[in-house]
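Okay, structure first, notes after.
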Amino acid sequence: MRKSRFGIVAITMVALLLGVLAVTQYRAQDVFSRSLTAENASSLTTLIAQISDRNSSLRDEILALQLRLDAAQGASQSSEITLRELRDQYQQLQVAAAVTPVSGPGVEVRIEGPFDDRAMSDLVNEIRNAGAEAIGINGSRVAPRAWFSSSGTGVVVDGTLMTSPYRVQAIGSPDTISVALTRTGGIVSQFGLIYGRTRFTVAQQKLIDLPAAANVEFRVAKPAH
Amino acid sequence: MNASTIARPFRQLTWRHSLALFLPALLFGYLVANQAITQSERSALAVRYNAPLVDAANALQKEQNDLKTQLADLRTKLDAIQQAGATQSGIAGDLSRQIQDLQTRSGLSAVSGEGVMVTLDDARLPANANNLEKSICHNTDITDIVNTGWRAGAEAIAVNGERMVGTSSAYCVGSTIMVNGTLMSPPFSIAMIGVQGQLMSLFDDPRELADIKSRSQANGLIFQVSRQRDVRVPGYTGSLGARYAVPR
């Protein structure tokens with residue numbers, strides 16, 4: 001009788017403790033969260049730098065457009081200034097829409113050896129994020145709607161087969177783009193580990209010439225207001 | 001003889017007792033260990049001095065939203081001037097009409113039409129789940145989906161309202177995703193305008209987006225593609241600033 005009572009007490013205590021632990025455990029295991037507070041200091045610093053860069057280029061453009069607007073409004077009679085304003089905007093849009101050949105300084109990435117479409121897509125994404133204004137692969141312009149797919153012998157870009165050596169050229173700030181690509185733990189060092197037999201060279205260029213991209217069509221998309 | 005009859009049930013009782021205690025003890029040990037691991041991870045993540053950095057990031061993002069609004073406002077005002085010019089004859093009129101066409105081509109104007117809506121979201125999982133990496137969305141999933149869209153002939157794509165243009169990127173720092181330099185968190189709604197049949201047939205192709213599809217099957221990643229009669233894709237609101245590239 002005494003023995004069985006001891007057993008009951010022992011089991012009750014274990015069960016009690018178990019219950020407490022189970023609850024604490026359940027509370028501690030909240031759902032995976034994406035909040036910024038979960039990032040470490042180094043990631044947060046990188047994020048802040050990225051957003052600051054975007055904000056300063058937004059500020060630059062606001063200033064430029066404000067000047068244009070002032071000029072256009074102040075000189076509504078003078079067609080000369082309006083015409084200059086129109087030409088400026090026309091040029092800027094020509095670059096953005098990739099409808100004209102362009103020239104400028106930038107960075108060339110040379111890739112010799114096995115490489116694939118997803119890596120090429122990631123590289124283009126990285127270069128665009130570093131602020132590139134125009135990109136070319138093996139002498140062809142990468143269109144705003146460019147797509148990448150695989151092929152046994154190389155990488156297909158917008159339906160055109162490209163093979164090694166790949167020459168990826170980007171017009172933009174040579175320093176910003178080359179630092180973004182070659183920083184420690186950056187995309188080029190990751191590629192170096194994944195594609196051990198492939199040689200990657202990143203070089204700044206004083207002048208890069210790129211052709212226009214093929215014209216884009218709008219058949220389904222209509223202007224919305 | 002008497003001693004042995006007492007001893008036998010007693011021995012059986014201890015054996016049963018220890019078995020009854022063994023299983024809870026095992027569970028207890030597991031829970032203590034698990035608890036300790038979870039707590040150490042959490043304290044490493046929630047570093048105290050991160051708070052000012054998080055505040056700074058949020059403040060900058062808010063500033064960016066304001067700047068984008070200002071920029072959009074200026075563009076609208078300049079558009080009005082150009083549209084007035086477009087009715088003119090001569091060089092100014094020609095330029096204004098070409099500018100309007102280029103604004104559409106470069107993704108500055110909002111468009112609508114038939115298409116698909118792609119939904120991508122993290123699996124509903126506890127923070128210490130196995131294969132967490134496979135269960136959550138990454139920036140490369142977004143670039144892969146956008147790539148499939150362009151390949152299937154999409155004419156306009158936006159990720160959570162950010163129009164994908166020639167300078168657009170989907171970037172990732174830690175587990176935070178940025179599209180066009182704007183902080184974003186899941187779920188992602190990727191709106192695509194294009195011939196619906198063409199879009200659907202490529203998204204349905206099992207060879208396309210094989211990695212995302214297998215993670216959606218095995219790891220609970222949420223990935224859905226649905227037809228939409230009328231998809232609206234907003235215009236790009238970021239900066240265009242061509243400072244290095246000059247038309248030849």
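Basis for what follows: all heavy atoms, side chains included, without hydrogens, waters or symmetry-related copies. Proteins come first, then strands; the chains are lettered A, B, ... in the order of their sequence lines, and each starts at number 1.
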In terms of heavy-atom pairs under 4.5 Å, which option from [options] contacts chain A the most?
options: B:A242, B:G235, B:G113; result: B:A242
options: B:M178, B:E208, B:Q70; result: B:M178
options: B:G194, B:G115, B:A156, B:S185; result: B:G194
options: B:G181, B:S106, B:A59, B:S112; result: B:S112
options: B:G238, B:S109, B:G107, B:P186; result: B:P186
options: B:N180, B:T148, B:N58; result: B:N180

Salt-bridge contact B:D66-B:K62 (side-chain N to carboxylate O under 4.0 Å): yes
Whether B:D205 and B:R207 form a salt bridge (side-chain N of Lys/Arg under 4.0 Å from carboxylate O of Asp/Glu) is what I want to check. yes
Atom group of [X] that falls short of 4.5 Å from chain B, counting heavy atoms:
X: A:S103; answer: both
X: A:V216; answer: both
X: A:S173; answer: both

With chain B as the partner, which of [options] has the greatest number of non-hydrogen pairs under 4.5 Å?
options: A:A64, A:S149, A:A98; result: A:S149
options: A:S42, A:G106, A:A146; result: A:A146
options: A:D117, A:T100, A:L58; result: A:L58
options: A:I171, A:I62, A:L36; result: A:I62
options: A:L44, A:N55, A:I208; result: A:N55
options: A:G104, A:A96, A:A97; result: A:A97

Checking B:Q61 against B:Q64: is there a side-chain donor and acceptor pair closer than 3.5 Å? yes
Here the pair of heavy atoms bringing B:A154 nearest to B:L199 is CB-CD2, 4.1 Å
Correct closest heavy-atom pair for A:M162 and A:I137 would be CE-O, 3.6 Å
Within 45° cone and under 6.0 Å: A:R145 NZ/CZ vs A:F218 ring: yes
Atom pairs and distances, donor-acceptor, side-chain atoms in residues 119-135 of chain A, under 3.5 Å, two or more places apart:
residue, atom, partner, partner atom, Å
A:N125, OD1, B:A170, N, 2.9
A:N125, ND2, B:A170, O, 2.8
A:E126, OE2, B:Y171, OH, 3.1
A:R128, NE, B:G166, O, 2.9
A:R128, NH2, A:A143, O, 3.4
A:N129, OD1, A:R54, NH2, 3.4
A:N129, OD1, B:S169, OG, 2.8
A:N129, ND2, A:Q50, OE1, 3.3
A:E133, OE1, B:R243, N, 3.2
A:E133, OE1, B:Y244, N, 2.9
A:E133, OE1, B:A245, N, 2.8
A:E133, OE2, B:R243, N, 2.8
A:E133, OE2, B:Y244, N, 3.3

Is the shortest heavy-atom distance from the side chain of B:V179 to the side chain of B:M164 under 4.5 Å? yes
Which pairs pass salt bridge (Lys or Arg N to Asp or Glu O under 4.0 Å) with one or both residues in residues 209-225 of chain A, sequence neighbours excluded? A:D209-B:R248
